[in-house]
2 protein chains.
Amino acid sequence: MALKHTILAFLSRHPLSGYDVAKEFAEGFGSCFWKASQQQVYAELTKLEQQGSVSYEAIPQAGRLDKKIYSITEQGQQELLNWLTQPCEPSAIREDLGVMGLAGHLVSPQVVIREIERRRQLHLKMVEHVKKLDEHFAKHLNSLELKDIYMHLIIRRGIRYQEEWVAWCDEALAAIAQAVNQ
Amino acid sequence: MALKHTILAFLSRHPLSGYDVAKEFAEGFGSCFWKASQQQVYAELTKLEQQGSVSYEAIPQAGRLDKKIYSITEQGQQELLNWLTQPCEPSAIREDLGVMGLAGHLVSPQVVIREIERRRQLHLKMVEHVKKLDEHFAKHLNSLELKDIYMHLIIRRGIRYQEEWVAWCDEALAAIAQAVNQ
DNA sequence: TCAAGCATGTAAGGCGTTACATGATTTA
DNA sequence: TAAATCATGTAACGCCTTACATGCTTGA
């Protein structure tokens with residue numbers, strides 16, 4: 001699984017606190033290819049530290065728990081590298097909406113239409129969100145280092161994914177409308 | 001989670017054995033929106049039976065364990081219906097390849113290129129596979145009942161998803177090639 | 001003064017993967 | 001004779017979700 005390696009990859013760029021890593025997943029670059037909760041991130045960092053893949057420096061905070069700034073270790077770098085040079089498989093698709101394909105006729109078309117319209121709105125918002133992550137890269141497309149081209153391409157994947165959903169919703173709404181009105 | 005409801009939805013069409021349900025996920029219509037292993041299917045069917053959402057008829061087989069033909073119960077139908085009328089959220093994206101965006105510069109461009117080319121091939125094959133599921137529907141597009149339009153649309157979603165991946169691979173390969181050659 | 005942001009965790013339970021286990025029938 | 005298909009499971013372990021828990025600082 002890649003939660004471990006995604007965290008290592010973040011830390012291979014700069015040291016970060018657990019809070020920062022969790023934010024990357026929730027709103028930052030991580031959000032366009034991996035989802036992880038705050039609890040998962042803290043648990044994984046604790047495990048990685050025990051295994052020697054990361055280390056932390058504790059920074060005392062006035063009246064709070066220490067802030068822990070995590071860095072990747074030599075060993076962690078090696079693990080990340082080994083993982084990167086091995087082929088990876090496409091992720092499994094698990095999409096609740098698919099059940100409509102089998103059992104949509106059990107509810108009224110209006111229920112199906114409403115659900116697809118809702119989805120369309122959600123994915124439109126996601127397009128906006130992911131495009132913001134790409135702003136910097138899109139502006140300097142012709143002068144990006146390879147490192148940043150990789151980031152741009154992953155964000156592009158996120159944008160295309162969300163746009164594709166919007167397009168499918170349009171196709172589906174049109175097909176259902178036609179079937180219902182005739 | 002929708003494994004339960006996907007199985008109920010399959011059984012709402014016709015009674016099936018565990019083996020048949022597992023096959024639907026592995027190669028059939030299920031494969032375009034949900035993944036579940038054989039073990040998961042058997043475990044879930046046992047649970048659903050204990051909870052009264054499905055029932056089975058045991059059919060003796062010469063020299064084997066009985067074959068169990070599962071049907072949805074009144075209670076199962078109700079559960080499926082309740083679930084269908086509630087809004088559902090987009091599934092989380094978890095894509096191993098995304099780590100390349102953060103840490104691709106740690107390996108040579110050739111490794112990244114090889115990986116994306118591999119992905120392109122895999123998704124091309126998936127396009128073929130999913131298109132076969134749609135053959136019947138695509139042929140009779142203008143005379144489909146709503147029930148079958150729903151199935152067609154879910155398969156269309158699968159086709160578009162896989163085609164979108166191929167298109168992204170092309171975009172990525174072109175961008176990397178340009179950056180490496182200059 | 002209330003919400004949002006900063007900052008850290010614990011615990012229970014469900015879902016999914018991997019490995020193991022059995023054995024007949026059909027097709028190449 | 002070997003592989004694929006039919007047909008059913010058990011067990012261990014790890015990943016993810018949901019709920020709970022604490023407390024300071026900053027901005028509206």
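A, B, ... follow the sequence lines: proteins, then strands. Residue 1 opens every chain.
Taking the six-membered ring for Trp and the full ring otherwise, the centers of A/Phe33 and A/Tyr161 sit at least 6.0 Å from each other.
Considering only side-chain N and O atoms, A/Tyr42 lies nowhere under 4.0 angstrom from the phosphate OP1 or OP2 of C/dG9. For the OP1/OP2 pair of D/dC16 and a distance below 4.0 Å, the side-chain nitrogens and oxygens of B/Arg94 include at least one atom meeting the criterion.
Atoms CD (A/Gln40) and C1' (C/dG16) sit 13 Å apart, rounded to a whole Å. We find that NZ of A/Lys67 is positioned 18 Å from P of D/dC24, with the value rounded to whole Å. One interatomic measurement links the two molecules: NZ of B/Lys68 to C1' of D/dC6, which rounds to 16 Å at whole-angstrom precision. Residue A/Lys47 contributes atom NZ, which lies 8 Å from atom C1' of D/dC15 at whole-angstrom precision. Between B/Glu44 atom CD and D/dG9 atom C1' there is a gap of 15 Å when expressed in whole angstrom units. Atom CD in A/Gln38 sits about 14 Å away from atom C1' in C/dA11, given to the nearest Å. A/Gln50 has its CD atom 13 Å from the P atom of D/dG14, to the nearest Å. If you take CG of A/Leu45 and P of D/dC15, they are 14 Å apart, rounded to a whole angstrom.
Where B/Ala36 and A/Asp66 each meet DNA chain C at their nearest nucleotide, the meeting point lying more 5' is that of A/Asp66. Each of A/Ser37 and B/Ala43 has a nearest nucleotide on DNA chain D; the 5'-most of these lies closest to B/Ala43.
With B/Asp20 contributing its side chain and B/Leu16 its backbone, the two residues share no donor-acceptor pair below 3.5 Å.
Comment: B/Arg118 engages A/Glu89 in a salt bridge, judged by a side-chain N to carboxylate O separation of less than 4.0 angstrom.
Between the side chains of B/Gln75 and B/Glu79, at least one donor N or O sits under 3.5 Å from an acceptor N or O.
A/Trp165 carries B/Arg157 over the face of its six-membered ring, with the cationic atom under 6.0 Å from the centre and within 45° of the normal. Because its NZ or CZ atom is not both nearer than 6.0 Å to the ring centre of A/Trp168 and within 45° of the ring axis, A/Arg120 does not count as a cation-pi partner of that residue.
From A/Leu144, atom CG reaches atom CG of A/Leu153 across 9.5 Å, with rounding to the nearest 0.5 Å.
Applying a 4.0 Å cut-off to non-hydrogen atoms, none of the residues of residues 10-29 of chain A approaches DNA chain D.
Counting non-hydrogen atoms under 4.0 angstrom, B/Lys4 reaches nothing in the nucleic acid.
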